[in-house]
Amino acid sequence: MNFELSDDQNMAVENWRRFLEREIKPITDQHRDKPFPKDVLKGLLRATCEYGVGNGWVPEEGGGLGLDFVTSGLLYEELARVSADLAGAAFVNEGAAVKVFNAGSPELRERYLEATLAGELIGCSAISEPNAGSHVRGMRTKAVREGDTYRLNGEKLWISNSSAADYTVAVALTGEQEFTMFLVDRDEHGFETREVEKLGLNSWSMGQVIFNDVVVPAKNILGKVGGGLRETMKGFERSRCFISLVALGLGRASLDASIDYAQQRQAFGKPIGAHQLVQQLIAEMAIELEASRLMVFRALSLLDLGAGSNVEAAMAKAFTTEAVQRITSKAIQVHGAFGVTSEFPVERHFRSARMLTIPDGTTQINNLIIGRKLLGLDAFA
Ligand SMILES: Cc1cc2nc3c(=O)[nH]c(=O)nc-3n(C[C@H](O)[C@H](O)[C@H](O)COP(=O)(O)OP(=O)(O)OC[C@H]3O[C@@H](n4cnc5c(N)ncnc54)[C@H](O)[C@@H]3O)c2cc1C
């Protein structure tokens with residue numbers, strides 16, 4: 001196994017890191033408590049796609065940069081260290097583009113793909129509903145055929161990028177347990193959105209997507225009628241790795257902040273970092289972060305090899321998102337009372353980290369995926 005990065009990867013990460021500090025951080029720092037305004041988000045996405053973030057996972061033939069998963073993962077990790085919220089928004093946008101690339105007609109590709117990859121259009125993926133999260137098949141949103149169109153009615157919930165989205169890639173029931181994926185345009189077909197207030201990741205929009213008699217042409221189906229869940233499942237290995245990369249970014253930001261603080265803050269006549277128990281906190285954070293990194297990049301490298309990484313991605317997601325709870329909590333401990341105030345970033349990282357054990361398979365669901373593989377017994381049924 002080779003754990004060294006290539007010169008190209010090192011250079012890409014270095015340039016990207018400098019760019020993030022110089023151009024992106026000053027903007028994301030101004031928008032911490034509310035969703036990025038749409039024009040600000042588009043400006044940020046236009047900037048990140050120059051470096052292959054937001055368009056890296058789509059092959060060149062589709063207008064993306066076609067980066068390998070490891071390189072792309074390195075870039076997303078750096079972005080998440082600076083702004084987990086922007087990393088989330090970019091990834092969800094890229095995820096919508098990947099679905100259009102994989103399953104869209106030439107007409108849909110022409111209209112949506114390039115513009116999404118360039119940050120000119122924003123997409124989201126709407127699957128979850130108030131009564132159907134882990135149990136995706138429990139969804140109730142219906143699409144009823146009427147000639148060459150479908151009429152959509154229903155409510156999606158917890159949809160990332162929803163407030164800013166120009167279009168949504170939504171899965172709806174077109175028959176008994178028949179799930180079909182549609183591309184629905186906000187202006188042309190008219191879905192509504194409502195933002196939900198949440199614990200963390202507050203500049204990354206999330207909320208309801210409401211279909212109230214929304215009429216969509218049949219040509220806006222992505223893939224086949226009845227193929228909507230299969231298309232959705234295809235993206236899970238990647239998205240589980242991605243959420244793990246956000247956990248890595250938040251973990252690194254928390255560790256960096258804690259090291260700085262422990263070197264500066266004095267207690268009992270010396271920097272707190274010189275006290276053994278504070279060093280233990282720092283060491284434990286670093287160990288969990290390192291283990292997290294190895295797991296995520298192992299899963300990503302399997303994706304690069306074209307091998308399945310279903311279990312490895314589930315392990316990475318389950319481990320890193322739980323580990324980052326402990327890492328960000330220890331970062332607060334290192335900062336003492338300052339750690340629980342908005343004066344220091346670790347309070348925000350802690351709240352953001354808490355969001356991550358839920359999307360793209362909760363910890364429990366990922367454990368069931370791992371258990372199913374190890375035991376050959378399906379606990380979902
Ligand atoms: C930050 C964030 C971003 C999101 N983005 C999107 C998005 O862009 N698009 C989208 O469609 N959805 C999105 N979601 C929704 C997400 O996919 C769901 O929240 C998730 O699937 C869990 O569903 P739920 O919230 O309904 O919880 P439930 O499924 O109701 O689960 C509640 C609890 O029960 C446990 N549980 C459920 N079933 C089992 C079981 N069989 N065995 C053991 N335990 C079980 C769960 O692990 C959890 O602890 C997002 C959520 C978050 C937090």
Side-chain angles (χ1 to χ4, degrees), residues 35 80 83-99 122-141 154-165 167-173 179 181-182 184 191 193-211 222 228-229 231-236 238-240 242-247 249-250 314 317-318 320-322 324-325 348-349 351-372 375 377-381:
S83 170
D85 303 62
L86 180 59
F91 174 76
V92 169
N93 204 36
E94 186 159 3
V98 169
K99 286 175 186 163
I122 295 177
C124 66
S125 291
I127 298 129
S128 306
E129 298 187 0
N131 293 306
S134 306
H135 185 219
V136 182
R137 287 179 176 275
M139 75 171 65
R140 292 184 191 158
T141 297
E155 179 193 333
K156 300 290 181 181
L157 191 57
W158 324 123
I159 308 307
S160 306
N161 280 9
S162 50
S163 298
Y167 68 92
T168 181
V169 173
V171 179
L173 279 165
F179 301 92
M181 188 179 274
F182 294 86
V184 190
F191 60 84
T193 55
R194 208 167 296 137
E195 191 66 22
V196 169
E197 282 196 20
K198 54 195 192 312
L199 175 69
L201 295 171
N202 288 325
S203 42
W204 180 13
S205 136
M206 186 224 250
Q208 286 174 291
V209 173
I210 301 153
F211 303 110
L222 293 174
L229 282 193
E231 282 302 327
T232 303
M233 298 303 163
K234 270 189 204 167
F236 271 133
R238 207 174 21 214
S239 60
R240 286 178 183 141
F242 165 74
I243 297 286
S244 308
L245 291 164
V246 173
L250 285 169
K317 208 272 173 179
T320 58
T321 58
E322 294 291 341
V324 76
Q325 313 299 321
R348 196 175 71 256
H349 299 331
R351 287 187 289 107
S352 294
R354 192 61 197 88
M355 306 291 291
L356 302 179
T357 60
I358 296 166
D360 295 285
T362 61
T363 304
Q364 289 70 32
I365 294 299
N366 280 297
N367 285 339
L368 294 183
I369 292 169
I370 299 160
R372 180 172 58 191
L375 295 160
L377 297 168
D378 192 347
F380 286 100

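All ligand and atom numbering here is 1-based and tracks the order in the structure. The analysis underlying the following values was restricted to heavy atoms, covering all of them including side chains, and did not include hydrogens, waters or symmetry mates.
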Q: What distance separates Arg348 CZ from Leu201 CG, expressed to the nearest 0.5 Å?
A: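 Output value for this atom pair is 10.0 Å.
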Q: Quick one: pull up CD in Glu155 and CG in Asn131 and give me the separation to the nearest 0.5 Å.
A: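 Glu155 atom CD to Asn131 atom CG measures 9.0 Å (nearest 0.5 Å).
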Q: I need the full list of side chain to side chain donor-acceptor pair (under 3.5 Å) pairs touching residues 84-99, with sequence neighbours left out, sorted by first then second residue.
A: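 Qualifying pairs, neighbours excluded: Tyr76-Glu94, Asp85-Ser203, Lys99-Ser125.
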Q: I'd like a table of the close N/O pairs between ligand 1 and the protein (anything under 3.5 Å), one pair per line with both atom names and the distance.
A:
{"residue": "ligand 1", "atom": "5 (N)", "partner": "Trp158", "partner atom": "O", "Å": "3.1"}
{"residue": "ligand 1", "atom": "5 (N)", "partner": "Ser160", "partner atom": "OG", "Å": "2.8"}
{"residue": "ligand 1", "atom": "8 (O)", "partner": "Ser160", "partner atom": "N", "Å": "3.1"}
{"residue": "ligand 1", "atom": "8 (O)", "partner": "Ser160", "partner atom": "OG", "Å": "3.3"}
{"residue": "ligand 1", "atom": "9 (N)", "partner": "Ser125", "partner atom": "O", "Å": "2.9"}
{"residue": "ligand 1", "atom": "11 (O)", "partner": "Ile127", "partner atom": "N", "Å": "2.9"}
{"residue": "ligand 1", "atom": "11 (O)", "partner": "Ser128", "partner atom": "N", "Å": "2.7"}
{"residue": "ligand 1", "atom": "11 (O)", "partner": "Ser128", "partner atom": "OG", "Å": "3.2"}
{"residue": "ligand 1", "atom": "12 (N)", "partner": "Ser128", "partner atom": "OG", "Å": "2.8"}
{"residue": "ligand 1", "atom": "14 (N)", "partner": "Trp158", "partner atom": "O", "Å": "3.2"}
{"residue": "ligand 1", "atom": "17 (O)", "partner": "Ser128", "partner atom": "OG", "Å": "3.3"}
{"residue": "ligand 1", "atom": "23 (O)", "partner": "Ser134", "partner atom": "N", "Å": "3.3"}
{"residue": "ligand 1", "atom": "29 (O)", "partner": "Ser134", "partner atom": "N", "Å": "2.9"}
{"residue": "ligand 1", "atom": "29 (O)", "partner": "Ser134", "partner atom": "OG", "Å": "2.6"}
{"residue": "ligand 1", "atom": "47 (O)", "partner": "Thr362", "partner atom": "OG1", "Å": "2.6"}
{"residue": "ligand 1", "atom": "47 (O)", "partner": "Gln364", "partner atom": "OE1", "Å": "2.8"}
{"residue": "ligand 1", "atom": "49 (O)", "partner": "Gln364", "partner atom": "OE1", "Å": "3.4"}

Q: Quick one: ring pair (Phe, Tyr, Trp, His ring centres under 6.0 Å) partners of Phe91, sequence neighbours excluded?
A: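 For Phe91 the ring pair (Phe, Tyr, Trp, His ring centres under 6.0 Å) partners, ignoring immediate neighbours, are Trp57, Phe242.
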Q: Only counting residues at least two apart or in another chain, list the ones meeting ring pair (Phe, Tyr, Trp, His ring centres under 6.0 Å) with Phe182.
A: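 Ring pair (Phe, Tyr, Trp, His ring centres under 6.0 Å) list for Phe182, sorted by chain: Tyr150.
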Q: Which value, rounded to the nearest 0.5 Å, describes the distance between Gln325 atom CD and Thr320 atom OG1?
A: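 Going from CD on Gln325 over to OG1 on Thr320, the span is 10.0 Å.
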